[in-house]
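Report on the structure given below.
Side-chain atoms are counted along with the backbone in the values below, which use heavy atoms only and exclude waters and symmetry mates. The chain is numbered in sequence order, starting from 1. For ligands, and for the atoms within them, numbers begin at 1 and follow the listed sequence.
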Amino acid sequence: MKYVDEFRDGELAKTIAANIAREAAPSRDYRLMEFCGGHTHAISRYGIADLLPPNVRMIHGPGCPVCVLPIGRVDQAIRLAREYNAILCTYADTMRVPASDSLSLMRAKARGADVRMVYSTQDALKIARDNPEREVVFLAIGFETTTPPTAVAVKQAAAEGLKNFSILCDHVLTPAAMHAILAVEQGSVPLDGFVGPAHVSTVIGSKPYEPFADDYHKPVVIAGFEPLDVMQAILMLIRQVNDGRAAVENEFTRAVTREGNLKAQQIVDDVFELRDDFEWRGLGTVPTSALKLRPEYAAFDAEQKFAVDYVAVPDNKACECGAILRGEKRPQDCKIFGTACTPDNPVGSCMVSSEGACAAHYTYGRFREIPVVAEATC
Ligand code: SF4
């Protein structure tokens, strides 16, 4: 298949792995963060970490949209469905994110709330058109990739005069999270560079990453989601580190430009503006890191339409999602990883989505020790 098979070629992977092993200086460590959950998934699925020398370590970042959604935001959505009898629509993964009182949207649905999984914002609009007597709320989550479709839906609802449709806006911003990670890093997580997001970058372009190279002296290499994309990006980062350079480089040139998708950016800018601050799971409250609807679209803002103030709720005490999302710990550092917490019964958000670090590690068995096979003696 064009654009897939050639990026999964095992022989080419061995060649890139050999180049990485040759060029990574044994005298130092390379700590590289893959920001995006799609890359975390690819690294686990294709065993990329196993192809790297021990001094090249991949650190998972906070770029899984479901993982960074704090409990209080899911609680708001559940309240809309239970207290206001709204039809609550959202994407599949969001349904299983643990909330307060041992609930999730899925469990609230099992107890009678009208929660519906949708594949797109258009599905949610259709539900609103088909149920004019009911309030329909779309729980809008995600980074810059999923924001344009939400903006389009709000514009459509406004154009149609759809009065029973609104969104609970939890859209968040990648560069702000990277700034927050680097603020954490001053204290505890030294990083040598970032593998930059793929899909997000098709929308925002490579330009917003330039401050990380210019101001923080951290190399960024934007990479596609296929295994050879990720490996090539790792090699490009190692070369920058070895040269003492910090630049934004683009491995994913087949989809990403410096300027990004200007039309999508314009639609988002028409509909949304920056929130003053937003609480992230793991990163705490981060200024100007999320979006809210502009005043002219206030009629479609569920937070203004219904009395569901955000209340911060601490994570389960046993859960290490926060530290994992900050790059401080690995999934297997959590005491309940793979025991009390599994993809079938997630205790924390990182075990919910296939992009979550814990779910990816668990699904592909990357946490298991490789058995030592004793050499035969005679
Ligand atoms: S294993 Fe479960 S509880 Fe532990 S950090 Fe991961 S998601 Fe949280």
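- The protein non-hydrogen atom at the shortest distance from atom 1 (S) of ligand 1 is Phe337 CA, 3.5 Å.
- Every atom of ligand 1 is numbered from 1 in the order shown, and the set under 4.0 Å from a heavy atom of Cys358 is 1 (S), 5 (S), 6 (Fe), 7 (S).
- Ligand 1 does not have Ala318 within reach: every non-hydrogen atom of the residue lies 4.0 Å or more from it.
- Judged purely by atom type and a 3.5 angstrom limit, His39 uses its side chain to pair as donor or acceptor with the backbone of Gly224.
- By the 4.0 Å N-to-carboxylate-O rule, Asp192 lies close enough to Arg28 to be salt-bridged with it.
- With ligand atoms numbered from 1 in the order given, ligand 1 contributes 7 (S) to contacts under 4.0 Å with heavy atoms of Met351.
- Classification of the His41-Tyr364 ring pair by plane angle, with boundaries at 30° and 60°, yields perpendicular.
- Under the 4.0 Å criterion applied to side-chain N and carboxylate O atoms, Arg129 and Glu160 are assigned as salt-bridge partners.
- Nearest to atom 8 (Fe) of ligand 1 among the protein's heavy atoms is Cys319 SG, 2.5 Å.
- Between Trp280 and Phe143, the angle of the ring planes lies from 30° to 60°, which puts this pair in the tilted group.
- Counting protein heavy atoms only, atom 7 (S) of ligand 1 is closest to Cys321 SG, 3.3 Å.
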- Decide salt bridge (charged side-chain N to carboxylate O under 4.0 Å, His left out) for Glu135 and Lys305; before the verdict, give the C-alpha distance in whole Å, the side-chain angles of both, and the deciding distance to 0.1 Å. CA-CA 10 Å; Glu135 288 290 338; Lys305 204 168 179 181; 2.9 Å; yes

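- Between the side chains of Arg107 and Ser102, no donor N or O sits under 3.5 Å from an acceptor N or O.
- For Cys341, every heavy-atom contact with ligand 1 shorter than 4.0 Å involves the side chain, none the backbone.
- Every atom of ligand 1 is numbered from 1 in the order shown, and the set under 4.0 Å from a heavy atom of Glu320 is 5 (S), 8 (Fe).
- Near Cys334, the atoms of ligand 1 lying under 4.0 angstrom from a non-hydrogen atom of the residue are 1 (S), 3 (S), 4 (Fe), 5 (S).
- Taking every heavy atom of Ile336 and a limit of under 4.0 angstrom, the matching atoms of ligand 1 come to 3 (S).
- Only the side chain of Ile324 comes within 4.0 Å of ligand 1, counting heavy atoms alone; its backbone N, CA, C and O stay farther away.
- For the pair Arg57 and Tyr30, the cation-pi criterion (under 6.0 Å, within 45° of the ring axis) is not fulfilled.
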